[in-house]
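What follows is a set of notes on a single structure, which appears directly below.
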Amino acid sequence: MRALVTGASQGIGRATAEALGAAGFDVVVHYRRHREEAERVAAAIRATGRSATLLPADLEAPDAPAAMGASVRAGGDSLDVLVHNAGEYPRQRFEETTEADFERQLRVHLLAPAALTRELLPMLRRSPRAAVVFVTSVLAYTGSQRGSPYAAAKAAQLGFARSLALELAPGITVNLVAPGAVDTAVLAGDTPERRRERVRRIPLGRLGTPADVAGAIAFLASPAARYITGETLQVNGGLRLG
Ligand SMILES: NC(=O)c1ccc[n+]([C@@H]2O[C@H](COP(=O)([O-])OP(=O)(O)OC[C@H]3O[C@@H](n4cnc5c(N)ncnc54)[C@H](OP(=O)(O)O)[C@@H]3O)[C@@H](O)[C@H]2O)c1
């Protein structure tokens, strides 16, 4: 069994790649800039006895998905799990945004995952039980006060993933996880006060960890989730309950 995780050099993607490795998958570790970190992730997976290969690509480049598809095909005949995780969250007020900011967010979160899924579909169809998982965000539902292109692109993932779930059934499940505030590089710019304020709004009393989200992704990729498709698992410590 083989899995591809995009954005696996750090944060949620890293934890997901390692969780899938621990679950018995060979893993394709995609990254953009952090090669050394990606190498460490691959080494950790190999240490558990699974194989791990590196796949560099900037998803902002329109030709990246085709090159990634070719590389994944060259590395093996099968692909069973595809996790669309890569992305970043630039903070910007709407007045400061340009068309290019929207294009960039839609490219990385929607157009590249769509093209990559298209590239890898024949391999996924050959799997006895394939799973595609998108990492969207609580901001797809709530909106973002300083990231309308990001929130819009994350919301676009919901409609796309549900459509895929309908079209790719019965052979392939397609689900999403929607993290709340997870302690990764994405929150690195927070002031201590902003961080305390975030935690105050979370009923479970702490930020999420990458492993919290990776566990949900690994579940959706596992046989235990074989009758779940088109769903979104909210992994946010109860953030949306209040
Ligand atoms: N952290 C949160 O609070 C939170 C909440 C909701 C949703 N999310 C979502 O969770 C996912 C992972 O985020 P994270 O918090 O784990 O962030 P992170 O630690 O910053 O990791 C982001 C990963 O995505 C890769 N990446 C970013 N832009 C890319 C691009 N244009 N092309 C290719 N790869 C790219 C990075 O690669 P390099 O580092 O190698 O460049 C890195 O591996 C993202 O989709 C994010 O929107 C995060």
Side-chain angles (χ1 to χ4, degrees), residues 4-19 27-42 54-65 67-68 71 82-91 100-101 103-113 115-116 133-144 146-147 149-158 160-161 176-190 194-195 197-199 201-202 206-217 232-237 239-240:
L4 164 59
V5 182
T6 68
S9 54
Q10 52 174 328
I12 293 167
R14 173 187 188 145
T16 301
E18 291 179 356
V27 185
V28 182
V29 176
H30 161 264
Y31 69 98
R32 179 189 49 178
R33 296 194 189 119
H34 290 99
R35 182 175 183 93
E36 279 183 22
E37 286 81 348
E39 276 170 355
R40 278 198 286 273
V41 176
L54 296 186
L55 177 60
D58 185 343
L59 295 182
E60 281 185 36
D63 56 356
M68 291 168 76
S71 172
L82 171 57
V83 182
H84 294 297
N85 163 77
E88 55 195 353
Y89 173 28
R91 313 305 203 267
D101 295 317
E103 283 171 358
R104 234 185 327 269
Q105 286 298 316
L106 286 167
R107 170 67 58 190
V108 170
H109 293 290
L110 179 67
L111 302 182
L116 184 59
V133 183
F134 286 79
V135 181
T136 178
S137 168
V138 67
L139 300 180
Y141 298 85
T142 62
S144 163
R146 289 187 306 138
Y150 174 84
K154 287 303 201 186
Q157 290 183 324
L158 301 179
F160 175 54
L176 309 96
V177 296
V182 183
D183 199 2
T184 69
V186 163
L187 303 188
D190 276 7
R194 175 88 184 103
R195 207 176 162 89
E197 174 53 30
R198 280 190 196 283
V199 172
R201 289 169 40 226
I202 300 172
R206 62 170 176 84
L207 297 176
T209 65
D212 290 330
V213 184
I217 295 170
T232 307
L233 256 182
Q234 308 287 336
V235 188
N236 59 28
L239 188 60
R240 291 179 67 222

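Read the numbers this way: they start at 1 and go in the same order the structure lists the ligands and their atoms.
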- Task: With sequence neighbours left out, write down each residue that passes side chain to side chain contact (heavy atoms under 4.5 Å, CB included) with Arg194, or none if nothing qualifies.
- Result: Asp190, Thr191, Glu197, Arg198, Arg201
- Taking side chain to side chain contact (heavy atoms under 4.5 Å, CB included) as the test, write out the residues that go with Asp183, two or more places apart. Arg195, Leu207
For [atom], what is the closest protein heavy atom, and at what distance to 0.1 Å?
| atom | answer |
| --- | --- |
| atom 17 (O) of ligand 1 | Val186 CG2, 3.4 Å |
| atom 26 (N) of ligand 1 | Gly87 N, 3.8 Å |
| atom 10 (O) of ligand 1 | Val135 CG1, 3.4 Å |
| atom 31 (N) of ligand 1 | Asp58 OD1, 3.1 Å |

- Item | His30 side-chain N/O to Gly7 backbone N/O, donor-acceptor pair under 3.5 Å | yes
Those atoms of ligand 1 less than 4.0 Å from some heavy atom in [X]:
| X | value |
| --- | --- |
| Asn85 | 10 (O), 11 (C), 12 (C), 44 (C), 45 (O) |
| Ala57 | 32 (N), 33 (C) |
| Ser9 | 37 (O), 38 (P), 39 (O), 40 (O), 42 (C), 43 (O) |
| Gly11 | 16 (O), 19 (O) |
| Arg33 | 38 (P), 40 (O), 41 (O) |
| Val108 | 31 (N) |

Taking the side chain as everything from C-beta on, heavy atoms only, tell me whether [X] gets closer than 4.5 Å to [Y].
| X | Y | result |
| --- | --- | --- |
| Leu4 | Leu116 | yes |
| Glu88 | Arg32 | yes |
| Pro210 | Val182 | yes |

Ligand 1 contact on [X] by region, counting heavy-atom pairs under 4.0 Å:
| X | result |
| --- | --- |
| Ala8 | backbone |
| His30 | side chain |
| Tyr150 | side chain |
| Pro210 | neither |
| Lys154 | side chain |

Tell me, please: is [X] in heavy-atom contact with ligand 1, that is, under 4.0 Å?
| X | answer |
| --- | --- |
| Ala112 | no |
| Arg107 | no |
| Val213 | no |

- Task: Examine His109 together with Tyr150 and report whether their ring centres are nearer than 6.0 Å.
- Result: yes
- Message: Quick check for you: to the nearest 0.5 Å, what is the distance between His84 atom NE2 and Leu110 atom CG?
- Response: 10.0 Å
When you measure from [atom] to each heavy atom in [options], which option holds the nearest one?
| atom | options | value |
| --- | --- | --- |
| atom 5 (C) of ligand 1 | Ala181, Gly180, Gly7 | Gly180 |
| atom 48 (C) of ligand 1 | Val182, Leu187, Ile12, Val41 | Ile12 |
| atom 1 (N) of ligand 1 | Asp190, Val235, Leu59, Thr184 | Thr184 |

- Message: Less than 3.5 Å apart, any donor N or O on the side chain of Tyr89 or Ser144 sitting next to an acceptor on the other?
- Response: yes
